[in-house]
Amino acid sequence: MKSSFNLLTILLLALGGYLFGSDSRPNIVWIFAEDTSPWMGTYGHEANKLATPHIDSIAQAGVRFDRAYVPAPVCSACRSSMMVGANQIRFGSHEHRSSRAKDAQLYLPEGMKILPQIMKEAGYMTFNHGKTDYNFVWESDKVYSKVKLKGQADSWEILKKNQPFFIQFQTKGGKINTGKLSADRRTDPSKVAVPADYPQNDLYRKVVAQHCDAIRVDDDHIGKILASLKGSGLEENTIVVYLSDHGANHLVRHKQMPTEGGLHVPFMLMGPDKWVPKQGARKDLVSTLDLTATTLSWAGIKLPDWYEGRNLFAKDFEPRQWVASAKDRLDHTIDRVRTIRTEKFRYTRNYKLDRILLQPQYRDGQDYLKNLKELYAADKLSDDLKRIYFGERPKEEFYDVSKDPAQVRNLVGDPKFAKELNRHRKLLDAWLAKGDQGEDEESSNALRHNGDDWQGGRGVNPEYEINRQDNDGDGLSDKWEKLNGRDPQDGRLTYEFDCGGWQTEGWQAKGIRDNIAGFQGFLQFRLPGKPGSLVRKGLKIKPNGSDQALLIKLRADAPLEIEALANGKSLGSVMKVSASKQFKEVRLPLTGNTNWKNVIKSLEIKLKGSEGTNLEVDLIEVKRS
């Protein structure tokens, strides 16, 4: 990718103070909060009404963007994207916390530079106070100025001597420990509204209340920053921006999910009228990549040719018709999702259909996630919540978010929305046609680092299996079996379909049109009306003399016939199974079976039934004496 910054341009920009005058260009401050949903008083959030005066004051003094969306629902991908000015899928920084291992480092395309480096070369002093979290190799000396700062609220005198400056103050936002917040300032859990895509119970009311409290504590800190700025005398020539990198951290369909909850963030700014016209509340769709572009425009710097954002205050500004975002690997949880938001709708495309939407993840030990799983296991979740967390992952999702902001009612398949659905497909296709490096998997070194080394190695997705050993030949690595409570040395075929990160456990469909991955714990699909099969390849299992039967636990809403084959040879006669609402155990004898010998390299379960027969498989295993 070519840069628009040739040598002559860089030399001219280096004379920034001479060209622009030391007092003609604004100082620019980003207050960049972590993990924060737009639950402030200024956004009309009832629980925090009058409780966030300092954040609200920024909106009151300048502009508040009511529909701002981030490029990714996780910190490192979002922050990498905003530093570069383009969506992370364009330049390979889409995988969360990538480029951390020495043997899996990533570099930006030749000529591409990040925002503070461009500004530094243009004569700005550049600073970052807090986390960076960039998913690529970068050189600190080229990006940030070598001037030592104090705390976030008491560095203004130093900054005054180093103008014009661009500084990012990173705040903890939703990650703040609220334990020291006085009782009289705490949010009353009974007064909060839990979003519709979560259980409506006391635990989740406390989770929502705690996030409100975290915003209140962060507001206190931001108040100190703003008060110190005003006292420094720099306010007259300084632009202040407040935003977040994604939604609330303790809500599992907010952070790390490409939903309204995960991607919609607070975004507001204030400053001298010359740069920030007081526009009140803006309702147009905005990407936070627009902030990156606007920041360069404030500094008088031409936007590089790779930028995807636009100057929000340009004379020829045209509102966006849509905003696109992407989700890929998050910690050890591998995924690939692309989504586009228009005026009323959100269209989402899922690529990894062999895993449920709520995969195993870094928050599995938290009480709110345990509660979700316990409610599912006890069949106490509503049908909607079971589906959006533990159900079969659909290839496409389409929501009228103007009426359904929690994204509970998927409109794919509703003929009333067929035209809009097709329009959104084309919009997303056009956006992806400009480049998506997420089409390819990470290197084996990167996979090893994230799935096997990072935090002890908790990766259960099938992509991690390329680096692992399978000593008992059942097609599941020793590491995977240990992580899922199986015995990696038993040499016995067992498939329980209860791992949300690899729902199919390597079984594939043959002659079956449906995705076979059903609700967590099951394979589920409809028969096509002609014979179809479930196939498991990649085996190296040695039959044991105590092998008694191949057990298949299933239920179907219409009669069907089953035949099992090992290495392409039948293990017995065709068995007839009647329709039932309860699960049945079908046993195919293995004792003395002449085709159950040597090394089993593949299994096939042939299925024959009427078209549309709904079939659920709970378990496939070899029973031993």
Side-chain angles (χ1 to χ4, degrees), residues 353-356 391-395 413 462 474-476 492-499 502-539 541 543 547-624:
L353 304 184
D354 60 348
R355 56 208 74 180
I356 62 171
E392 175 186 331
R393 179 180 289 230
K395 183 177 181 180
D474 60 0
L476 303 169
R492 186 173 67 91
L493 297 177
T494 303
Y495 305 97
E496 299 176 0
F497 311 118
D498 57 357
C499 173
W502 192 13
Q503 185 73 357
T504 62
E505 298 187 17
W507 285 85
Q508 297 176 325
K510 178 181 175 183
I512 297 171
R513 293 187 297 270
D514 281 4
N515 174 20
I516 64 172
F519 278 76
Q520 183 166 5
F522 309 97
L523 300 183
Q524 184 175 9
F525 51 92
R526 291 166 299 173
L527 296 181
K530 57 183 179 179
S533 298
L534 296 175
V535 180
R536 186 55 164 96
K537 298 179 180 179
L539 305 177
I541 200 81
D547 293 346
Q548 288 189 329
L550 177 64
L551 182 147
I552 306 169
K553 188 176 181 181
L554 54 78
R555 67 180 172 186
D557 62 2
L560 72 151
E561 297 178 351
I562 295 179
E563 182 185 8
L565 297 86
N567 296 335
K569 296 180 180 181
S570 179
L571 292 176
S573 59
V574 174
M575 300 189 71
K576 294 184 178 181
V577 181
S578 61
S580 174
K581 293 183 179 180
Q582 305 300 321
F583 281 95
K584 292 184 174 183
E585 291 187 354
V586 177
R587 292 174 177 260
L588 303 166
L590 297 178
T591 303
N593 194 313
T594 57
N595 289 330
W596 188 255
K597 62 180 182 180
N598 300 324
V599 176
I600 306 301
K601 297 181 180 180
S602 69
L603 271 183
E604 181 177 358
I605 298 172
K606 287 187 175 182
L607 303 162
K608 184 179 180 181
S610 58
E611 184 175 3
T613 296
N614 186 58
L615 178 64
E616 289 178 88
V617 180
D618 180 44
L619 174 69
I620 300 174
E621 71 171 347
V622 170
K623 299 295 289 186
R624 286 179 174 168

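- A donor-acceptor contact shorter than 3.5 Å is absent between the side chain of Arg393 and the backbone of Ala517.
- Here the closest non-hydrogen pair linking Ile356 and Gln520 is CD1-OE1, 3.1 Å.
- Closest of all the heavy-atom pairs between Tyr495 and Glu505 is CA-OE1, 3.2 Å.
- Interatomic distance, Thr494 OG1 to Lys623 NZ, rounded to the nearest 0.5 Å: 8.5 Å.
- To the nearest 0.5 Å, the span separating CG on Asp474 from CD1 on Ile541 amounts to 5.5 Å.
- Between the side chain of Asn595 and the backbone N or O of Ser570, at least one donor-acceptor pair lies under 3.5 Å.
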Check against side chain to side chain contact (heavy atoms under 4.5 Å, CB included), Ile562 and Leu554:
CA-CA 11 Å; Ile562 295 179; Leu554 54 78; 3.4 Å; yes
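- The shortest non-hydrogen separation linking Leu539 to Gly475 is CD2-N, 4.0 Å.
- Scanning all heavy atoms of the two residues, the minimum distance from Pro394 to Leu353 falls at O-CD2, 3.8 Å.
- The line from NZ of Lys584 to CZ of Arg555 is 12.5 Å long, rounded to the nearest 0.5 Å.
- Counting non-hydrogen atoms of other residues, nucleotides and ligands closer than 6.0 Å to CD of Gln548 gives a total above 12.
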Donor-acceptor contacts, no H, no angles, side chain residues 605-614, under 3.5 Å, sequence neighbours left out:
unit_1 : atom_1 : unit_2 : atom_2 : d
Ser610 : OG     : Thr613 : OG1    : 3.0
Thr613 : OG1    : Ser610 : O      : 2.8

Could you go through the side chain to side chain contact (heavy atoms under 4.5 Å, CB included) check for Ile620 and Trp507 one step at a time?
CA-CA 10 Å; Ile620 300 174; Trp507 285 85; 3.9 Å; yes
I would like to know whether Trp596 and Leu550 meet side chain to side chain contact (heavy atoms under 4.5 Å, CB included); could you show each step before the answer?
CA-CA 10 Å; Trp596 188 255; Leu550 177 64; 5.7 Å; no
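- Taking 4.5 Å as the limit, some side-chain heavy atom of Leu534 sits within range of a side-chain heavy atom of Phe525.
- Note on ring orientation: taking the six-membered ring where Trp is involved, the planes of Phe522 and Phe583 are parallel (angle under 30°, cut-offs 30° and 60°).
- Within the 4.5 Å cutoff, side-chain heavy atoms of Leu588 are placed close to those of Met575.
- A distance of 12.5 Å separates CG of Leu551 from CG of Leu493, quoted to the nearest 0.5 Å.
- The two residues Gly568 and Ser602 have their closest heavy-atom pair at N-OG, 4.3 Å.
- The backbone N or O of Leu603 sits nowhere less than 3.5 Å from a side-chain atom of Arg536 that would complete a donor-acceptor pair.
- Between Gly521 and Gln503, the shortest heavy-atom distance links the atoms N-NE2, 3.2 Å.
- With hydrogens and angles ignored, the 3.5 Å screen pairs no side-chain donor or acceptor of Asp547 with any backbone N or O of Leu590.
- The CG atom of Leu523 sits 9.5 Å away from atom CG of Asn515, with the distance rounded to the nearest 0.5 Å.
- A distance-only check finds no donor-acceptor pair linking the side chain of Ser533 to the backbone of Val535 [under 3.5 Å].
- With Glu392 contributing its side chain and Phe519 its backbone, the two residues share no donor-acceptor pair below 3.5 Å.
- Remark: Ile516 CD1 to Gln524 CD distance equals 11.5 Å, nearest 0.5 Å.
- Contact check for Asp618 versus Phe497: no side-chain heavy atoms found under the 4.5 Å cut-off.
- For the pair Asn567 (side chain) and Lys569 (backbone), a donor-acceptor distance under 3.5 Å is absent.
- Counting only distance, with no hydrogens or angles, the side chain of Asp514 and the backbone of Arg526 share a donor-acceptor pair below 3.5 Å.
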